Structure formats: C-alpha cells, structure tokens
Number of protein chains: 2
Amino acid sequence: MVGSAVVVVKWKGLKSAMLTSDAKILVVDDSDVIRQTLVSYFEEEGYAVFSAANAEQAEELLAREPFDVVLLDIRLPGKDGLTLTRELRTGSEIGIILVTGRQDELDRIIGLECGADEYVAKPFNPREILARVKNLVRRVQRLRSLETRDAETESIRVGGWNLDAHRRLLLGDDGETVQLTEGEYQLLQVLLQNIGKTMSRDQLMDRLKHRAWDATDRSIDVLVARLRKKLREDASHTQQIVTVHGVGYLLSPASGR
Amino acid sequence: MVGSAVVVVKWKGLKSAMLTSDAKILVVDDSDVIRQTLVSYFEEEGYAVFSAANAEQAEELLAREPFDVVLLDIRLPGKDGLTLTRELRTGSEIGIILVTGRQDELDRIIGLECGADEYVAKPFNPREILARVKNLVRRVQRLRSLETRDAETESIRVGGWNLDAHRRLLLGDDGETVQLTEGEYQLLQVLLQNIGKTMSRDQLMDRLKHRAWDATDRSIDVLVARLRKKLREDASHTQQIVTVHGVGYLLSPASGR
DNA sequence: ATAATTTGTAACTGGTTTGTAACAGCCATG
DNA sequence: CATGGCTGTTACAAACCAGTTACAAATTAT
C-alpha cells in the first residue's frame, strides 16, 4: 500500500458541458515537470488523466482501472518502459505511446518491436501528441466496443430494480420503468462503484461535476432526494441510500446484485 | 481506365513456406525508386505488396481489394496524400501510414489530424518502417476479424424494413422502398454495429466524419431526424432510434434482425 | 456549366434537467 | 429537552438540450 501520495488524479476542469471523450489516460514519467506538463495537456482536452512516477505505481493503477492509452517514458527508475510495454502488450489491447528524451533511432525501433503503438520524442509538440493520443484512443475504444458487443447485456441489480446502463433506465420487477436523468444515473453509478463506503458530498461533487463543494451547497442533497424518489424509497425501510450524518451518503451493501 | 501498365503487382518470391502474414499492403509513391525500395522491403517480409504511382491508381486498387495497410506519400501528383487520407478514413478501418520527404513538423501534425495512423519521414530506416507496418497490420486485422463476425448478412433487418446495404436502400415489408443518403446510411450502420449501446454525438461524429463535435453543433441531430423520418418513426411508439437525454442516441435492441 | 441532391448552419421552440433558496424537521450534544 | 447545525423537501428560475424548419453551402450528377 504505497503510492497514493504521489499518484496524481485529476479530472477535467472547466468546459464541463463539452466532455469530448470519456477516455482514461495514464501518464508514466519519473520527472515531475514532464508528468505535469503532459497531464495538463490532456486535461485541457477533457480526458480523465491519471499519472504515476514509476512502473510499480503504473501497474497498480492499471490493475484497478481500464485505461485506454498509456504514455510511457522509456527510461524509468526500476523496471523500464520497454519491459512494461512488453508485459502490457501480452494480454491487453491498451494503446501504448512511448516517450523518450533521445532522438535515438534504435530506441525507437526497439520500442516499436516491443509492441508500442506510437513513439514520441522529447521535446514534444502538444498538438502532435494530442493528435496521436486521439487517434489511438479512437482505435482502442473501437476495438473494445467490438469485443464487448454482446457481452455485458446483463443489467445491474439495485434494490428491486434492474439498471439498464445504456438507457439510464430503471426496470422494475413489476414491469415498471423509470427514466433517470444523467445526473441521477451518475450518482447511482458512483455509489454503486463504492458500494458500502460512505462518500462525502465533496467526493460526490468531484466525481459528478468535477468541481468543489462548499458547506452551503445543497445540490447533492437535492440530487440524492430525487434519486431516492425514483427508487421509491419510503424513507422508512427498503432504504438503499443511507445518510451518514455529518459525513455523506452510502449505498447499502444489500442493494447490490 | 488507365494505369494497369504502371501498377506493379508482386507477391513474395521463394521463401513461401515462411509466409509471416497474409496481409495486403499498398504502396503509393510517384517516385519509381522509392516505390520499388518500399515494395522490396515488404516482399522480403512475406507481405502481398501492391503499388500505385498516384491517387487515382490507388483508389482503383483500393476499390478492388481489401488492403490492410496503405503507405502513402504526402506529395503526390494530382490528388495529394492528405486528401486521400481523409477520404479513406471516413468509411474504412484501413491502416494508413504517411510517408514524406520533409521533416516538417506541421506536415506530420496535419497528417495525424487527418486520421493517419503513422507517420514516417524519408530517409527511412527499413527496420523501423517494418516494425510500424507490422504493428499496424496486427491492429487492423484484429479489428477486421471482430467486425466481420456477424456483419454482411446482405440484407439486414431493422424495424419493419430490410436494409439493402449495397444500394443503401430500405425495403419495406409492404413493398415500399426508401433511398437513404450516404450520411443516413452510415449513421444507421454505426448504430446497427453498436446496437443497444448509447453513442454520444461525439462518437457518432468521429465515426461518420472523423471530426470533432462541439456543443453548438446540431448536425447529428438533424441527421437523426432525417433518418427517423425515413424509417417512418411516428415519434410515438415503433421507436427504433432512442434519444438518451444529455448523452446521445441508441438503436433499440428490438430493432435488430 | 448547370441542375439536383445532399449536407451543414442558424434560428426558434418546447421541454427537461439542474441549481438555488427557503423553510421545516431531524439529530447530537450539553 | 433545548439549541445549533445538518438534512429533507418543495417550488421556482436559470441553464441546458433536443426537435424542427428553412436556407445556404457543398457535392454530385447531367
């Protein structure tokens, strides 16, 4: 259990209406400056960007989240980028972009032969690297969508409902259907992903709207109320969304599948 | 009807037992020397290599054979490589590698933004270009194999219609026929390929036109409206294309075959 | 070149969703 | 059990989003 101190997790900032893509990107570089530079490029574009300073941290993150593209420095302390490339390539379709300080042609060739998809040399041009990432994301997501085509038709169970994730629709056991709004759906998703764990309003706000929360802000409460209403919570029992006074909300473990 | 005189078609020579791949590659370059050089690299590796000296010849070949990867000189007499890239990218998953004589960074960026997969500058290193081609072939063939899994059933069922993919024609059960435009047809194809899954306007834009979408852009909405009209959706029931507010559109699973 | 078709853009409308404010009820502590 | 902070609820307004139409631009065919 290390690392979370150095691991930088950031979501896109301001242009929240226009989330151009929901792609997840991982930046791996031991230089703080370069890592930050790259991270900020992609945040600008609306990607969900995570970063790590070495291969071990990277692997930890990769094991936990389904990333679309990894930007990987070739020279890393400990396990180097090429080794990681080879490991990643066997057994996943993730997009790999190697980043290096050297114009060295041999590095480039070996990188490509290890199965990297792209190769970018420092100093890099933001526009170029963005174009490459965008192309690669497109391809990877295309592949993923084809692979999982007739998989995961299974809808998720919550309370007495089945959740149709594509339509943002609750399907009642009695045949009733309730349409969730995008906000309600996302809230439910976040609670579902952290089932049994209390989420503070601050955390929820960050995950839902990528913005900060202040003490006078009741929007989360209202959103929870709306979701509860649609889940037909009678405020008495059958309570799925539990209020933790002074802390936040959590989804009762019994609510899951 | 020209060209077949200049079109060079070659297959790997002797080491036929060790055919590393049955990938088809097309080399497009107006310089005989460079074309020959590239062709011989790939023949060595056991690819089926075809070549063309200009965009028109290339298109002729592309229309006839299912290539995996095209190597394209940016500077071509007549229609240039970038234009061809853009045309190829809309409506096919072929791998595109741009080749250029200049180290010009701008060329490279514009190429990538047009949707090229790779970019190689002359003078090129054989080993590098082979590595890139190999990676790209792997990806393209992977995609193809997934794509063709259940595609091409000639006539696809959608709603109360049969879709004649060749003529982009809807054949009604009552004998009625409706002609789709190219855009409407492609939209329907993409929705069909991702049946039951919500596609964001951004994704649709990318698949249809290979360009970005911004929040003020209503062209997808208009296209959907036109397709809906032709599918005779009465906005009430029999609704095949479902709007998911704040997210995108999806084709109802019930619409499929 | 001209005409027809297709596609993109802009404006407007109606509807949905979301944030805010106000107030009422609840909880925890002294 | 009274108080101050926290939460639930409701109503309203602002922001946002989708459908539609008409027209201009671009493309294609004639």
Side-chain angles (χ1 to χ4, degrees), chain A residues 14-19 167-169 178-188 198-202 204-205 207-236 239-250, chain B residues 59 79 83 86-87 90-91 167-169 178-188 198-202 204-236 239-250:
Chain A
L14 305 172
K15 297 182 282 180
S16 62
M18 197 199 93
L19 236 169
R167 265 179 262 227
R168 274 108 241 249
L169 207 61
V178 178
Q179 179 70 59
L180 298 182
T181 69
E182 180 62 9
E184 290 155 5
Y185 170 76
Q186 285 188 10
L187 171 62
L188 185 52
T198 306
M199 302 292 287
S200 71
R201 277 161 239 269
D202 214 355
L204 291 173
M205 202 54 149
R207 295 289 285 278
L208 264 50
K209 298 286 151 62
H210 318 322
R211 50 169 228 216
W213 178 84
D214 76 286
T216 72
D217 189 340
R218 314 295 315 292
S219 57
I220 292 289
D221 301 58
V222 175
L223 189 56
V224 169
R226 297 206 249 251
L227 180 54
R228 277 176 168 160
K229 196 173 190 174
K230 291 197 177 172
L231 287 170
R232 298 275 189 285
E233 296 204 354
D234 315 77
S236 51
Q239 185 163 327
Q240 271 114 219
I241 302 176
V242 181
T243 305
V244 184
H245 200 102
V247 186
Y249 298 96
L250 71 83
Chain B
E59 282 174 323
K79 189 186 291 186
T83 311
R86 219 173 298 119
E87 289 175 8
T90 61
R167 300 180 191 287
R168 299 178 349 222
L169 210 60
V178 177
Q179 177 69 57
L180 296 182
T181 69
E182 182 64 14
E184 291 155 5
Y185 170 74
Q186 284 188 11
L187 172 62
L188 185 52
T198 308
M199 302 292 287
S200 71
R201 279 161 237 271
D202 210 2
L204 291 172
M205 203 56 153
D206 192 42
R207 289 288 197 84
L208 264 51
K209 300 286 152 65
H210 185 258
R211 49 171 229 212
W213 179 85
D214 76 287
T216 71
D217 189 338
R218 210 113 38 263
S219 58
I220 292 289
D221 302 56
V222 175
L223 191 55
V224 168
R226 298 206 248 250
L227 180 54
R228 276 177 168 159
K229 198 171 188 176
K230 290 196 178 173
L231 288 170
R232 297 275 189 285
E233 294 204 355
D234 315 77
S236 51
Q239 185 163 326
Q240 270 110 222
I241 303 176
V242 181
T243 305
V244 185
H245 197 108
V247 187
Y249 298 96
L250 70 84

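Note that this is a predicted model, so its numbers are computed, not measured. In the text below, chain A, chain B and the rest are named by the order of the sequence lines, each starting its count at 1.
Look at NZ on A:Lys229: it is 8 Å from C1' on D:dT9, rounded to the nearest Å. In this structure, A:Leu187 atom CG and C:dT17 atom P are separated by 15 Å, rounded to whole Å. Across the protein-nucleic acid pair, B:Ile220 atom CD1 and D:dG19 atom P stand 12 Å apart, rounded to whole Å. Between A:Ile241 atom CD1 and D:dT7 atom P there is a gap of 15 Å when expressed in whole angstrom units. We find that CG of B:Leu227 is positioned 13 Å from P of D:dT20, with the value rounded to whole Å.
In this structure, B:Leu223 CG and B:Leu204 CG are separated by 9.0 Å, a value rounded to the nearest 0.5 Å. Going from atom CZ of A:Arg168 over to atom OG1 of A:Thr181 covers 10.0 Å, rounded to the nearest 0.5 Å. Atoms CG and CE, on B:Asp214 and B:Met205 in that order, are 8.5 Å from each other to the nearest 0.5 Å. Here NZ of A:Lys230 is found 10.0 Å from CZ of A:Arg232. Values are rounded to the nearest 0.5 Å. Taking CG of A:Leu227 as the reference point, atom CD1 of A:Ile241 lies at 4.0 Å (rounded to 0.5 Å). Separating the NZ atom in A:Lys229 from the CD atom in A:Glu184 is a distance of 10.5 Å, to the nearest 0.5 Å.
Contact annotation: B:Thr243 side-chain N/O to D:dG19 OP1/OP2 distance is under 4.0 Å. The side chain of A:Arg201 places no N or O atom within less than 4.0 Å of a non-bridging phosphate oxygen (OP1 or OP2) of D:dC6. OP1 or OP2 of D:dC17 has not a single side-chain nitrogen or oxygen of B:Tyr249 nearer than 4.0 Å.
Along DNA chain D, the nucleotide nearest to A:Val247 and the one nearest to B:Asp221 differ in position, and the one closer to the 5' end is contacted by A:Val247.
Under the 4.0 Å criterion applied to side-chain N and carboxylate O atoms, A:Lys209 and A:Asp217 are not assigned as salt-bridge partners.
Among the protein residues, B:Tyr185 comes within range of no part of the nucleic acid, since none of its heavy atoms lies under 4.0 Å from any strand.
At a cut-off of 3.5 Å, with distance as the only test, no side-chain donor of A:Ser200 or A:Asp202 sits close to an acceptor on the other residue.
Looking at B:Leu187, B:Leu188, B:Leu169 one by one, the single match for side-chain contact (heavy atoms from CB on, under 4.5 Å) with B:Leu180 turns out to be B:Leu188.
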- Message: I need a per-nucleotide contact map over nucleotides 25-30 of chain D, read 5' to 3'. Cutoff is protein heavy atoms under 4.0 Å; write B for the base, S for backbone only, - otherwise.
- Response: ------
- Item | Footprint string (nucleotides 6-12 of chain C, 5' to 3'): B base within contact, S backbone only, - free, heavy atoms under 4.0 Å | SBBB-B-
- Using a cut-off of 4.0 Å between protein heavy atoms and nucleotide atoms, how would you tag nucleotides 25-30 of chain C 5' to 3' with B, S and -? --S---
Please table the atom pairs, donor to acceptor, closer than 3.5 Å between any side-chain atom in residues 242-249 of chain A and protein atoms at least two apart or in another chain.
unit_1   : atom_1 : unit_2   : atom_2 : d
A:Thr243 : OG1    : A:Arg228 : NH2    : 2.7
A:Tyr249 : OH     : A:Arg201 : NH1    : 3.3
A:Tyr249 : OH     : A:Asp221 : OD2    : 3.4

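Here A:Gln179 pairs with nothing under the side chain to side chain donor-acceptor pair (under 3.5 Å) rule; sequence neighbours left out.
Using five terminal pairs a side, the axes of the helix from C:dA1-D:dT30 to C:dG30-D:dC1 at its two ends make an angle of 40°, given in steps of 10 degrees.
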